[in-house]
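The block underneath contains the structure these notes are about, expressed in structure tokens.
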Protein chains: 2
Amino acid sequence: MALNKSAVVDTALDLLHEAGLPGMSMRTLATRLNVQPSALYWHFPSKQALLAAVAERVLADVAPVEAGPSAPDELRGVARAMRIAVAGVPDGAEIVALGLAAGATNPVAGAVARTCARHGGGDRAAGLTTALTAYVLGLTIEEQTHHNLAAVDPSMPRVHYDSRFDEGLEAMLAGVTD
Amino acid sequence: MALNKSAVVDTALDLLHEAGLPGMSMRTLATRLNVQPSALYWHFPSKQALLAAVAERVLADVAPVEAGPSAPDELRGVARAMRIAVAGVPDGAEIVALGLAAGATNPVAGAVARTCARHGGGDRAAGLTTALTAYVLGLTIEEQTHHNLAAVDPSMPRVHYDSRFDEGLEAMLAGVTD
DNA sequence: ACCTGAACACCGTTCAAGT
DNA sequence: ACCTGAACACCGTTCAAGT
């Protein structure tokens, strides 16, 4: 049975769930696929390109947001959908940041555009997309890094990122008056 | 002349400015310091601990923000000061995210607290700190990753992150009504 | 077209031993 | 206390050669 891109991405996601990014080397990936490491380079030009493909898979799993009663309600839903997809795979936030930097299409952009079409404020769509995306990725990168550090050093204080995420999101949506 | 922590951090920052994170290995660092790689492990328990110390140095360079006429004005200044410090060193955003995850004190927290003390809204101080910090780091990580990719593949389309940063920041401060 | 085998040029980290 | 020397167990990537 021949190797192909999507089988490689599948197995990469398996390894990520088992041991995170440090456990997913081109060599462990090749071993899992019963192939030599060099075989992967026929399908992907580099590990970064492979990770970008993983990022696109993760982004494809961002749940669509149905129409809501207000713009803040819908945008809250968009941000949470992005966070759930990205936090669902170990080191997923870092991988998705790489993917977006490499030019992957950001599903938040379309969702924000639809919200602005329904509730107005289309002139701020680009800014809102940047703000929500960078916020979700920034906080989740910190969270997943913290998780990796705490796994090695259990004396580290626990931090509750889910409630911090909601707090920060509400502050963003509320804005600052004066 | 004996080695010490701050000399190691100094030289690490030199190497980061010359070649970014990929160019700053424990081995290149040791070579630059005329020492064996293993010598570094007397001063720092791991490379991550060393990078956390680099992060604290970067965070110490966040410029303090003077009192302004309004809360949004001050918070804009806080976010920009954070961005300037972090974007000023190659791969600085990723390093600072690691530092914060490891427990470094975030200068944005104090600055936001002072702004809330002056202009009110102290109940949102924690949320605003989380929102501004994660936003700055998230966008700057994407930017610096994009920069590293474009250095290897010059056919990549350029992106202007400075204007995107301002757009996203204004959207955050404005908030979403309805 | 797709993969093997073998190598190249690196990594972070450990640890006995020196001074 | 502070560092050397040498090793261990890995990396990503390349490339001739096979099928």
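Each chain gets a letter, A, B and so on, in the order the sequences are listed, and its residues count up from 1. Remember, it's a predicted structure, so these values are computed and weren't measured experimentally.
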Can you tell me how far [atom2] of [N] sits from [atom1] of [X], to the nearest Å?
{"X": "A:L40", "N": "D:dC11", "atom1": "CG", "atom2": "P", "value": "13 Å"}
{"X": "A:K5", "N": "C:dC2", "atom1": "NZ", "atom2": "P", "value": "11 Å"}
{"X": "A:M24", "N": "D:dC11", "atom1": "CE", "atom2": "P", "value": "11 Å"}
{"X": "B:Y41", "N": "D:dC8", "atom1": "OH", "atom2": "C1'", "value": "13 Å"}
{"X": "A:L29", "N": "D:dT13", "atom1": "CG", "atom2": "P", "value": "12 Å"}
{"X": "B:L33", "N": "D:dC2", "atom1": "CG", "atom2": "P", "value": "15 Å"}
{"X": "B:R27", "N": "D:dT4", "atom1": "CZ", "atom2": "P", "value": "14 Å"}

Whether B:S163 side chain and B:H160 backbone form a donor-acceptor pair below 3.5 Å =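 Yes.
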Residue [X], side-chain atoms from C-beta onward, closest of [options]:
{"X": "B:M26", "options": "C:dC3, C:dG12, D:dT13", "answer": "C:dG12"}
{"X": "A:K47", "options": "C:dC2, D:dT13, D:dC3", "answer": "D:dT13"}
{"X": "B:W42", "options": "C:dC3, D:dC3, C:dT13", "answer": "D:dC3"}

request  = Tell whether A:S38 reaches the base of C:dG5 with its side chain through a donor-acceptor pair below 3.5 angstrom.
outcome  =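 Yes.
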key: Gap in Å between the two P atoms, one belonging to D:dA9 and one to C:dA9, rounded   =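 To the nearest whole Å, 23 Å.
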Residue pair A:S70 / A:D73, side-chain donor-acceptor N/O under 3.5 Å =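 Looking only at side-chain atoms, A:D73 and A:S70 do form a donor-acceptor pair, the distance falling under 3.5 Å.
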inquiry  = Centre-to-centre under 6.0 Å for B:H147 and B:Y161, is that the case here?
reply    =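 No; B:Y161 has its ring centre 6.0 Å or more from that of B:H147.
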Phosphate OP1/OP2 of [N] contacted by [X] side-chain N/O (<4.0 Å):
{"X": "B:Q36", "N": "D:dG5", "answer": "yes"}
{"X": "A:H43", "N": "C:dC3", "answer": "yes"}
{"X": "B:S25", "N": "C:dC11", "answer": "yes"}

ask   = Nearest 0.5 Å, what's the CG-CD distance between B:D14 and B:E18?
value =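 Answer for the CG-CD pair, B:D14 versus B:E18, is 6.0 Å.
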query = How do B:A39 and B:T28 order along DNA chain C: which one's closest nucleotide is nearer the 5' end?
reply =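 Result of the comparison: B:T28.
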query = Considering every strand shown, what is the Watson-Crick or G-U wobble mate of D:dT19 when both distances are under 3.5 Å?
reply =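 Partner of D:dT19: C:dA1.
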query = For D:dA7, which nucleotide is its Watson-Crick or G-U wobble mate, given both distances must be under 3.5 Å?
reply =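 Across any shown strand, D:dA7 pairs with C:dT13.
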query = Is there a side-chain hydrogen bond (donor to acceptor under 3.5 Å, both in side chains) between B:S25 and B:T28 once you walk through the steps?
reply = CA-CA 5 Å; B:S25 70; B:T28 57; 3.3 Å; yes
